[in-house]
2 protein chains.
Amino acid sequence: MKTPQRRVTLQDVANHAGVSRATASLIVRNSPKVAEKTREKVLKSMKELGYVYDRVAANLRSQSSTTIGTIITDVGNTFFAQFLLGVHQELEKYGYTVLLGTTFDSLQDQERLISTMLENRVGGILLCPVSSSSTETVERIKQLDIPIVLGIRELPDLACDYVGLDYQAGAYTAVKYLLEKKKHKRVAFIGGISDSSTWQERMSGYQRAHEEAGIPIDKSLIFDSEPTREGGLLAVEKIMKHPEPPTAIFCFSDLIAFGAIIGLRKMGYQPGEDIDIVGFDNIPEAEISYPPLTTISSFAQVTGTKAANLLHQRIREPVRERQRIIIEPQLIKRESS
Amino acid sequence: MKTPQRRVTLQDVANHAGVSRATASLIVRNSPKVAEKTREKVLKSMKELGYVYDRVAANLRSQSSTTIGTIITDVGNTFFAQFLLGVHQELEKYGYTVLLGTTFDSLQDQERLISTMLENRVGGILLCPVSSSSTETVERIKQLDIPIVLGIRELPDLACDYVGLDYQAGAYTAVKYLLEKKKHKRVAFIGGISDSSTWQERMSGYQRAHEEAGIPIDKSLIFDSEPTREGGLLAVEKIMKHPEPPTAIFCFSDLIAFGAIIGLRKMGYQPGEDIDIVGFDNIPEAEISYPPLTTISSFAQVTGTKAANLLHQRIREPVRERQRIIIEPQLIKRESS
DNA sequence: TTGAAAGCGGTACCAA
DNA sequence: TTGGTACCGCTTTCAA
């Protein structure tokens, strides 16, 4: 068998079957208004010629799109991998294909990726904005009438569909648990980028829990960092050098918590015994870490599913009320606290 | 400001700048053969009108493509997430965009995804084949002259670029370590799908290590399973009910090992003390699991990078010798053995 | 250096 | 139910 040089087109199929291109087009689109006999004939020709539908050409003509740009922070980060998993599975249900982008929390990369997505004529964008995003970033997309849904991090002053978590409630639950249930007096809060809204919301939960427990906040127990394991390690090393070190640590994320655990052990502490640790996210490895991590479950996969679903709805119905879906986090008690 | 109804086209830009569409086209493509003054004028018009390049239309006309279909097994599986990370980063360097597909090891999904990729006119495909793949699956792609690189799992009798690991060597190293260094006599091998080539290669490493150590293989110590944490849990429960249970377990993957650890603990064993465990992959959570997992590092991210690089080369130079890149795994000793 | 016209592979629209 | 033809937004080719 010889490899065909040129892509087999609808015209080729039409010629082969002795019909017009227009008719062949109706058939690839499963139109009911074509005679059964004609359909069979054309279908047979397609098979024989090895025809492959050109969705790109079709989308160009019909001004439609079956791809969705999905921009996340980092696929290597399990939280986002789980989120992406949810998004991807849900979008496939509706027949979309995912065009992937990762920003590594760089604004410049985000801008570039948004451009790429627009140039590729995506039918919608699912964006987890970088921490330094401004409203303009997203306005650009809205100007072009491309449906967009924000995930994980909300941008203030932007009327946009959003799916995220109640970080405040999550942090509140975690810190309240440490202060009240575990009777800690000095609870540190480490990790994460402090200008991000997700950090600030956690901070406000941290504060509320302290207020309710009647314990004043010691600002020197608060350290931000890069949102990575390394960031957590560095932060914990700093915080434990405090003249009056904390007895419990609330971490921005599980990733930070793992870094903290490694750091504590390096410094001779027993995490979960000497120092209580609580994470945030409940990524799968929280269950099998040493010690198993007490954490706030943020249901990453479900969040992704909902975000994708929302985008799908927005695409079908562009003028509809703005939606905000906030998922309530939940404390998962394990042995690190 | 008013939202434009219709996409701004090159024609609009050309009209605005008082040049022809062809000239404007040269400018978006950074052609040097256009007068500096004309360029500036057109660039200014683009900015004013908010022009967005339509890469899809351009690719259609020029019969080119800047997207790569990347088909993996599961983004939620950290090994593949790391692999994807490597692929994605490398492809971005060359200006490609990733169209993502996940098969969950279903042949039917794989077929569907390959079709989707072809319909979307991808410039190449990076496929991690499902365990039940046959040669025909991939022949389809080669017939169409679409560059393809296989990752992680090789298909026998298929002349195709490939990037993967020497699973045999990895398994051999792990089992040899258990038999010789740790003096075990009964080493089980659990998890993974036994018809897959990746399983069989590990099996042959397991055998070779036994032969060299002069220890006969007890086939009742070998159990396959779904390649998931749950699969590992089930397999370990079965294997420990053996009248003469193993004293060490070599697991198909880290995921399986984590399942095994949970299972062992459920049954009252102390993994790493009563039973030695070795995994395979060295996913990031292996470092922070309890106990930290001794494992074979398979350098998922690097593998992804190399695969992407190979595909890029194949696209640039379609007729060139077939390449096979095999990455040598490495034993990482931790506390689970 | 710039422009006119054809064409990439489909769909839309209307007439037969 | 089928066919003819314009056209989606860009690139290509060739002439000016």
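As a basis for the values below, the full set of heavy atoms in this structure was taken, side chains included, without hydrogen atoms, waters or symmetry mates. Chain letters run A, B, ... following the sequence lines, proteins first and then strands; every chain starts at 1.
Per the geometry, NZ belonging to B:Lys33 stands 9 Å off P belonging to C:dT1, to the nearest Å. The distance between atom CG of B:Asp12 and atom C1' of D:dG9, rounded to the nearest whole Å, is 10 Å.
Taking 4.0 angstrom as the limit, A:Ser20 places a side-chain polar atom (N or O) nearer than this to OP1 or OP2 of D:dG3. Between A:Gln63 and C:dA12 there is no side-chain polar atom (N or O) within less than 4.0 angstrom of OP1 or OP2. For the OP1/OP2 pair of D:dC8 and a distance below 4.0 Å, the side-chain nitrogens and oxygens of B:Thr9 include no atom meeting the criterion. Between D:dT11 and B:Arg29, a contact under 4.0 Å exists linking OP1 or OP2 to a side-chain N or O. The side chain of B:Ser25 places an N or O atom within less than 4.0 Å of a non-bridging phosphate oxygen (OP1 or OP2) of D:dT11.
Taking all atoms of both residues into account, the shortest heavy-atom contact from A:Thr73 to A:Thr102 is O-CB, 4.0 Å.
For the residue pair B:Arg140 / B:Ser115, a side-chain donor-acceptor distance below 3.5 Å is found, with atom types taken as modelled.
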Report task. Go through B:Thr67 and A:Thr67 one step at a time and tell me if the side chain to side chain contact (heavy atoms under 4.5 Å, CB included) criterion holds. Result -> CA-CA 12 Å; B:Thr67 59; A:Thr67 60; over 6 Å; no
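The base of C:dG10 is paired with the side chain of A:Arg21 by a donor and an acceptor separated by under 3.5 Å.
Rounded to 10 degrees, the angle separating the terminal axes of the helix from C:dT1-D:dA16 to C:dA16-D:dT1 is 30°, with each axis obtained from five end pairs.
Each ring pair (Phe, Tyr, Trp, His ring centres under 6.0 Å) pair with one or both residues in residues 94-140 of chain A, not counting sequence neighbours, appears once here: A:Tyr94-A:His312, A:Tyr96-A:His312.
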